[in-house]
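Hydrogens, waters and symmetry mates play no part in the numbers below; they use all other heavy atoms, side chains included. Letters A, B, ... mirror the listed sequences (proteins, then strands); counts begin at 1.
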Amino acid sequence: MAIDYGSMEAKWQARWAEAGLDKSERIDGKPKFMSIFAYPGVTGYLHVGHLRGYTYVDAISRYKRMTGYNVLFPVGTHATGNGGISLANRISRGDEKTIDYLVRNGCPESKIAELKDPMSVVEFFNQVYVNEYWKRFGFLADWRRFTCTLYPDYSRFIQWQFRKLHDAGLLIQKPYYAPACPNCGPVAVDPSETDISKGGRAETQEYTLLKFRHGDEFLIAATLRPETVYGQVCFWVNPEVEYRRISKDGEVWVVSPQAAEKLQLQKDGIEELGTIPGSEMIGWMCEAPMIHREIPVFPATFCDPDVGTGLVTSVPSDAPDDWISLEAVKRDPALKEKYGLTQELIDSVVPISIIEMKGYGDFPAKDVIDRMGIKQPGDPKLVDAKKQVYKDGYHMGRMRETCGPYAGMRVEEAKDRMKQAMIDAGEAELFYDLTEEVVCRCGNRVHIRRIDDQWFINYADKDLTERTSAHCRDMDINPQEYSENVHGVLDWFRERACVRLGNWLGTRFPYDDKWIIEAISDSTLYPVYYTISLYANSKQIVPEQMTEEFFDYVILDKGDIGQVASSTGVDPGLLQKIRDDVHYWYPLDINLGGKEHMTVHFPAFLFNHVATLPEEMWPRGITVNWYITGKNSDKISKSKGGAQPIPGAAAKFGVDAMRLYYAHVASMFVDVEWSEDTVMTYRQRVDRIFGAVSDLVASESDTPAGAMDAWLISRFNTHINEIREAMDKYDLRQMATVVYFDMYNDIKWYSRRGGSNSGTVRDALRIWIQAMMPITPHTAEELWEQAGFDGLVSASELPEADPAAISVVAEYGENLIRDVMSDITEIRKIAGIEARRIVLYTSAEWKRDVMRKAAAMMAEGKLTVPDLTKACMSDEAIKRNGKAASELAKKVAVEFPRFTAEAKRPVYETDELSLLTSARQFLSDETGLQVDVISADAEGIYDPQNKARAATPGRPAILLE
RNA sequence: GCGGGAGUGGCCGAGCUGGCCAAAGGCGCGGGACUUAAGAUCCCGUCCUUAGUGGUUCAAGGGUUCGAAUCCCUUCUCCCGCACCA
């Protein structure tokens with residue numbers, strides 16, 4: 001059965017568009033449902049993993065659509081930042097890797113030439129996302145509302161949003177430290193290296209500058225570990241460096257020439273005073289901060305004038321470099337000679353143990369050096385050694401009693417406390433530096449510069465945090481763990497630098513257009529803009545008209561319509577319409593995004609809604625989805641094989657197979673390893689369903705409806721309830737299990753049992769195909785048509801379950817038959833005899849009476865073994881069965897209370913004799929044996945092995961011979 | 001280290017407001033049907049034992065309970081976040 005999924009998909013997608021199913025319009029009075037996935041950044045091609053979350057949203061939206069909601073599912077893209085610039089630059093440069101990447105993903109050669117400017121790149125990918133991913137996957141999104149963060153109308157919206165944040169007092173300015181080139185100004189330091197030619201992985205690090213008094217001046221050491229000051233025993237100077245004297249707030253500081261330059265970018269009023277050779281300082285005594293001890297200055301070659309200040313305080317106990325260098329000094333008589341150091345002085349320098357940590361002795365630095373076999377200063381392994389000790393010390397360390405008031409404190413805490421204490425005492429200052437050399441495209445070194453007027457969004461605001469946190473309690477946030485955890489995330493969220501200087505694509509900051517609003521901050525409130533973008537895209541309004549007043553009116557319902565109309569030139573009717581749209585669709589019902597959003601996007605999304613919109617417009621739901629990963633939880637990557645471009649996968653497996661795979665392969669809240677074989681099994685599942693439906697259609701007959709029909713209809717109505725229940729929790733996986741497995745199995749069982757009634761088949765098919773629509777819409781349409789139903793299933797309404805059609809008894813009866821069959825099989829297997837005939841004995845009536853009594857007693861809440869036994873013994877019909885009766889009473893009295901009385905009812909109310917008798921032929925066909933059914937109560941029955949007495953309700957006795 | 005999550009049968013994964021759990025479903029595997037070829041479909045089986053029973057399981061070890069995969073404690077292992085990066 002070769003099904004051409006590709007053309008089938010295209011066919012139905014076209015039909016949906018023809019029918020306008022992808023267009024969402026306000027219908028006053030009809031309940032609405034608005035859903036989005038967090039839009040992706042358009043910096044390149046996506047892979048099959050990304051479609052997981054998007055597919056959830058389409059399936060959920062389709063489900064809502066068929067259960068009475070007017071659905072709005074808009075899509076857009078995020079292009080802020082410098083991804084577009086970077087790619088355009090690489091193409092302009094003719095970078096082969098980039099071009100190869102594009103070609104491999106199906107970019108036509110002719111297109112590549114056009115991608116030399118950033119906006120073309122963005123537009124190109126916008127088209128790819130919409131056409132090759134989302135439309136290709138059958139999404140019913142309202143394409144007319146598509147928007148991108150770089151569109152001029154979107155920018156107007158973002159500017160409005162920032163005005164509202166400002167009005168709310170949430171925009172603050174304070175100094176910030178950012179990378180900058182002395183020539184070109186601010187630069188972006190990131191792995192794409194758009195602005196820079198070297199150092200894309202560099203990070204900004206905070207150093208503590210420690211001041212060591214020597215006479216009237218200060219030697220300035222930079223350290224990452226201010227908590228180790230109690231272990232300072234000497235001071236390192238590189239004798240080959242010509243240091244600088246600079247003036248700083250009336251003090252004289254000594255630092256490396258490079259540090260002097262860097263400091264000028266971060267501190268005010270720095271002036272160069274002169275130079276001093278490092279060698280001259282050797283042998284000096286200087287006073288260490290915090291501990292106020294005089295320590296000697298020793299020579300060390302590892303002091304890099306480019307790192308920190310080029311001067312280093314020595315804590316040999318916890319710094320491998322210090323330890324090994326101190327050893328060198330002690331061992332090397334030539335040094336002593338050269339710098340005139342006395343043996344006494346050298347001997348006086350003894351490491352002090354200051355930090356206690358598991359797995360290390362008194363001197364962690366020494367332990368690491370020994371472990372790694374480091375012998376000499378300058379050994380490249382020292383870099384790793386340092387990292388190891390720093391990391392372990394920070395996480396596991398505790399200050400020893402040598403550390404004065406900080407003794408016993410965890411390093412993590414002591415670090416901040418000691419740093420602050422020294423700053424307060426004027427013994428230290430902060431300084432920022434990059435972790436590696438960063439070079440601007442112009443060739444100059446990039447350094448960290450202080451920016452005094454940096455804007456932040458004050459997410460640390462207490463009132464905002466509290467209100468947002470409180471609102472989260474009313475939201476539907478999934479999974480549960482995140483719902484609980486989100487409050488912690490909101491608390492932890494601090495001020496966020498929301499604008500940047502330099503070479504970025506994005507919206508200009510409305511209060512100062514030298515700034516560009518950064519990538520997180522312009523993608524928080526945007527869902528509401530989808531209710532407006534429709535009008536901008538259709539040119540009914542133009543960006544210039546989208547003023548503060550305009551948005552105030554349509555979103556906040558503020559201002560006078562006449563005035564807004566005249567100041568913006570927008571027709572009052574249109575203003576009214578947009579305003580109504582906004583308030584009809586908003587709030588957002590579900591925002592679904594990958595787990596990476598939990599600590600950044602979602603909190604910001606929540607904060608911004610609470611900060612700028614009235615409460616009735618705050619979001620109602622967040623759902624987090626986990627990833628599809630490559631082997632061993634790696635990110636999916638081309639280099640490791642496995643994941644082909646999305647259109648290729650769609651062609652190979654079929655879109656519906658992939659959608660079913662995403663929906664069913666695992667819970668939304670776990671990572672899944674991508675496996676083509678697994679996808680293939682879902683493809684087979686889809687194939688099988690095609691087969692099952694056509695078999696079923698072919699089997700239709702005018703046989704009158706019977707017990708099997710009641711059973712199937714009961715099952716399907718039960719399934720409708722299960723589906724609705726699952727989907728109320730957006731549990732697509734559970735829903736898929738019901739639809740693609742349970743319902744399928746029921747259909748198979750129905751046919752196997754000889755069911756073929758046309759009416760039943762129609763009813764069942766209608767429900768089944770509808771239930772497939774959310775996850776496998778193309779298949780559903782095709783089957784809908786094949787089965788001869790009218791219209792589009794995508795536009796149909798899923799019925800409510802009919803409670804009257806649900807028959808516990810019917811479902812119980814079929815289960816009983818299955819149990820009997822499996823018991824027969826079991827016995828045949830174990831007995832190992834060639835059976836010719838099966839005799840089934842149904843339970844004696846008195847046993848059912850025992851159960852009836854038990855149920856009645858349970859209903860009154862007083863079912864106990866003695867009570868039931870007593871009751872049975874007072875009933876003559878039961879009593880005369882003697883010991884068997886009391887044993888059964890005991891068993892029943894123990895077993896029944898585990899269930900509800902209602903659940904047990906079919907056990908004793910089912911007429912097993914007629915049920916099994918009617919299934920005789922079936923059982924006989926299935927087993928290939930003659931089957932007889934006899935009541936244990938019947939007179940003079942055939943029962944050579946005395947089996948009949950073993951029969952109980954729910955468990956007929958079986959004789960095999 | 002702090003915060004969060006997880007360890008279930010050959011595998012993936014349900015279950016985890018305690019009892020219908022020897023534990024769904026799928027995959028894989030074995031057998032059969034069909035049929036001649038498909039990564040097809042349909043049945044049956046798939047912890048041990050057994051005329052449909054019983055036994056031992058849900059990382060390890062304790063505990064609570066009449067009763068625990070499910071609750072508590074301890075240990076071991078694994079994963080994620082710790083920011084300015086959508």
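- Distance, A:Phe669 CZ to B:A14 P: 11 Å, rounded to whole Å.
- Nucleotides B:A14 and B:A24 are separated by 6 Å at their C1' atoms, to the nearest Å.
- Scored by the salt bridge (charged side-chain N to carboxylate O under 4.0 Å, His left out) test, A:Arg715 finds A:Asp746, A:Glu811 as partners (sequence neighbours excluded).
- Looking at every heavy atom in both residues, A:Glu206 comes nearest to A:Leu224 through O-CD2, 3.4 Å.
- Between the C1' atoms of B:C21 and B:U70, the separation comes to 10 Å (whole Å).
- A:His664 comes within 4.0 angstrom of nothing in the nucleic acid, heavy atoms only.
- Each of A:Ser521 and A:Asp823 has a nearest nucleotide on RNA chain B; the 5'-most of these lies closest to A:Asp823.
- Using a 4.0 Å heavy-atom criterion, one finds that A:Ala692 contacts no nucleic acid atom at all.
- We find that CG of A:Leu505 is positioned 13 Å from P of B:A86, with the value rounded to whole Å.
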Letter per nucleotide, 5' to 3', of nucleotides 1-13 of chain B [B base touched, S only sugar-phosphate touched, - untouched; heavy atoms, 4.0 Å]: B--SS-------S
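- Among residues two or more places apart in sequence or in another chain, the salt bridge (charged side-chain N to carboxylate O under 4.0 Å, His left out) test is passed with A:Arg450 by A:Asp268, A:Asp452.
- Of the charged side-chain nitrogens involved, none lies within less than 4.0 Å of a carboxylate oxygen, so that A:Asp943 and A:Arg949 do not count as a salt-bridged pair.
- The backbone N or O of A:Leu660 lies less than 3.5 Å from no partner atom in the side chain of A:Arg685, so there is not a single donor-acceptor pair.
- A:His601 comes within contact range of no nucleotide atom at all, as no heavy-atom separation falls under 4.0 Å.
- The CD1-P distance, from A:Ile520 to B:C85, rounds to 8 Å in whole Å.
- Rounded to a whole angstrom, the distance from the P atom of B:C58 to that of B:A68 is 11 Å.
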Can you give me the N/O atom pairs linking the protein to nucleotides 28-35 of chain B at distances under 3.5 Å, or say none if there are none?
none

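- Contact between A:Ala38 and A:Gly593 at its shortest, heavy atoms only, is CB-CA, 4.3 Å.
- Within 4.0 Å of A:Ser523, counting heavy atoms only, lie sugar-phosphate atoms of the nucleic acid but no base atom.
- Regarding contacts with the backbone of B:U41, a side-chain N or O of A:Arg688 is found under 4.0 angstrom from either OP1 or OP2.
- Within the 4.0 angstrom heavy-atom criterion, no nucleotide atom of any strand lies near A:Pro603.
- Using a 4.0 Å heavy-atom cutoff across all strands shown, A:Ala519 reaches sugar-phosphate atoms only and no base atom.
- Distance A:Met598 CE to B:C82 C1': 12 Å, rounded to the nearest Å.
- Nearest heavy-atom pair, A:Tyr133 versus A:Leu46, reported as atom, atom and distance to 0.1 Å: OH-N, 3.0 Å.
- Distance check on atom P: B:C66 versus B:G81 gives 44 Å, rounded to whole Å.
- Annotation: side-chain hydrogen bond (donor to acceptor under 3.5 Å, both in side chains) contacts of A:Ser756 (sequence neighbours excluded): A:Ser701, A:Thr703.
- Comparing the C1' positions of B:U65 and B:C82 gives a spacing of 40 Å, expressed to the nearest Å.
- A:Phe653 has its CZ atom 15 Å from the P atom of B:G39, to the nearest Å.
- Atom NZ of A:Lys748 and atom P of B:G25 are 17 Å apart (whole Å).
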Collect all protein-nucleotide pairs involving nucleotides 44-51 of chain B in which both atoms are nitrogen or oxygen and the distance is under 3.5 Å.
from	atom 1	to	atom 2	distance (Å)
B:C44	OP1	A:Arg752	NH1	3.4
B:A51	N6	A:Leu960	O	3.1
B:A51	N1	A:Leu960	N	3.2

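- In this model, a side-chain donor or acceptor of A:Asp677 finds a partner on the base of B:G39 within 3.5 Å.
- Between B:A51 and B:G39, the two C1' atoms lie 40 Å apart (nearest whole Å).
- Judged as a salt bridge (charged side-chain N to carboxylate O under 4.0 Å, His left out), and not counting sequence neighbours, A:Asp731 has no contacts.
- Residue pairs satisfying the salt bridge (charged side-chain N to carboxylate O under 4.0 Å, His left out) criterion with at least one member in residues 482-498 of chain A, sequence neighbours excluded, are listed as follows: A:Lys174-A:Glu495, A:Arg496-A:Glu518.
- Using a distance-only test at 3.5 Å, with no hydrogens or angles considered, no donor-acceptor pair links the side chain of A:Thr842 to the main chain of A:Glu912.
- B:U57 and B:U49: their C1' atoms are spaced 14 Å apart (whole Å).
- In this structure, the nucleotide among B:A86, B:C85, B:G52 sitting nearest to the side chain of A:Arg955 is B:G52.
- Atom CD1 in A:Ile817 sits about 22 Å away from atom P in B:G52, given to the nearest Å.
- We find that the ring of A:Trp492 and the base of B:G81 do not stack by the test of centres under 5.5 angstrom and planes tilted less than 30°.
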Which atoms of nucleotides 15-17 of chain B (N or O only) lie under 3.5 Å from a protein N or O atom, and what are those distances?
none

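- When all heavy atoms of A:Tyr129 and A:Gly41 are compared, the pair lying nearest together is OH-O, 3.3 Å.
- Put simply, the side chain of A:Thr524 never gets that close to the backbone of A:Asn608: no donor and acceptor are under 3.5 Å apart.
- Scored by the side-chain hydrogen bond (donor to acceptor under 3.5 Å, both in side chains) test, A:His664 finds A:Tyr682, A:Thr737 as partners (sequence neighbours excluded).
- Straight-line distance between the P atoms of B:G52 and B:U46: roughly 15 Å, to the nearest whole Å.
- A:Arg837 pairs by the side-chain hydrogen bond (donor to acceptor under 3.5 Å, both in side chains) definition with A:Asp932, A:Glu961, not counting sequence neighbours.
- Classification of the A:Tyr661-A:Trp674 ring pair by plane angle, with boundaries at 30° and 60°, yields perpendicular.
- Residues A:Gly654 and A:Tyr5 share a closest heavy-atom pair of CA-CB, 4.2 Å.
- Between A:Tyr176 and A:Phe456, the distance from one ring center to the other falls under 6.0 angstrom.
- In this structure, A:Trp492 has its ring center no closer than 6.0 Å to that of A:Tyr459.
- Rounding to whole angstrom units, CG of residue A:Asn82 and C1' of B:C85 are separated by 12 Å.
- Stem analysis of RNA chain B (Watson-Crick or G-U pairs, both distances under 3.5 Å, runs of at least three) returns B:1-7 with B:76-82, B:10-12 with B:25-27, B:28-33 with B:41-46, B:59-63 with B:71-75.
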